[in-house]
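Beneath this line is the structure, given in structure tokens, with notes to follow.
Because only heavy atoms are used, hydrogens play no part in the values below, and waters and symmetry mates are left out as well, while side chains stay in.
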Amino acid sequence: MTRDPGAPSVRNPLLIALAVGTALLAAFAVAALTRVPYTVGDGDLAAVRLTWRMAGQAIEDCRTPSEEELAARPAHMRQTEVCESHVPPYRLRVQVDGETIEDILVLAGGAHEDNPIYVYSELRVAPGPHELSVVFAQEEQADGGAGDSMPADRLELHDAIDLAPGQVALVTYDREARTLVRR
């Protein structure tokens, strides 16, 4: 087998040194950029950033399939009970000084809404002292019984903040304490 004399050699030390040098330069550039302080785009405002990931409590809905459904399935797939699991939606409500600035429904990820819940929201606020209230609560679900509803998961944070122009207050979820925290 003959090698094309014009083709670069993989063992060429100059090419290897160039590739390693380029990779190191890119790594140092990325590391340096992560240390650049971040301020909100509009320097006259401050922000409250909400960001977390959590696994919601899945609810399983089970039913007995009809005779027609069982007959339509292959014998090895016939089950006496069919169950589907999903994470119910959560309501995110943010108030600053008693005024609601965010009120949204947050759904779990995935086609069947059975993946973790992701929250990311950045809300602009005027600089200065504020009373911050964040409530992240599972929408109440009917239990299928006598019209009662099951208790919902609920996370709350009530905190006094004082933000300078361009400053960001981060609200996140502490998994160990199972609560919302401000950092």
Rounded distance [0.5 Å steps], [atom1] in [X] versus [atom2] in [Y]:
| X | Y | atom1 | atom2 | answer |
| --- | --- | --- | --- | --- |
| E156 | R154 | CD | CZ | 4.5 Å |
| R73 | R78 | CZ | CZ | 10.0 Å |
| E81 | E60 | CD | CD | 7.5 Å |
| L170 | R49 | CG | CZ | 7.0 Å |
| L18 | N12 | CG | CG | 10.0 Å |
| H158 | E131 | NE2 | CD | 10.5 Å |

>> side-chain contact (heavy atoms from CB on, under 4.5 Å), that's the test. Do Q167 and I161 meet it? Break it down for me.
In response: CA-CA 11 Å; Q167 187 177 5; I161 58 174; over 6 Å; no

Write down the atom of [X], the atom of [Y], and the distance for their closest heavy-atom approach.
| X | Y | result |
| --- | --- | --- |
| A164 | P127 | C-CB, 4.0 Å |
| M54 | F136 | SD-CE2, 3.6 Å |
| A169 | L163 | CB-CD2, 3.8 Å |
| L107 | P89 | CD2-CB, 3.5 Å |
| L45 | R124 | CD1-CB, 3.9 Å |
| N115 | V87 | O-CG2, 4.3 Å |

In terms of hydrophobic clustering (I, L, V, M, F, W, Y; side-chain heavy atoms under 4.5 Å; direct or indirect links), are [X] and [Y] co-clustered?
| X | Y | result |
| --- | --- | --- |
| Y118 | Y90 | no |
| V106 | I59 | no |
| I117 | V135 | no |
| I104 | W52 | yes |

Side-chain donor-acceptor pairs of residues 175-183 under 3.5 Å, sequence neighbours excluded:
{"residue": "R182", "atom": "NE", "partner": "D159", "partner atom": "OD2", "Å": "2.6"}
{"residue": "R182", "atom": "NH2", "partner": "D159", "partner atom": "OD2", "Å": "3.3"}

>> Please list all pairs meeting disulfide (SG to SG under 2.5 Å) that have one or both residues in residues 65-101, counting only residues at least two apart or in different chains.
In response: C62-C83

> Do E84 and H86 have side-chain N/O donor and acceptor atoms under 3.5 Å apart?
Replying inline: no

> Hey, does V171 have a side-chain heavy atom less than 4.5 Å from the side chain of L132?
Replying inline: yes

>> Going by the rule salt bridge (charged side-chain N to carboxylate O under 4.0 Å, His left out), which residues pair with E102 if we only count those two or more places apart in sequence or in a different chain?
In response: none

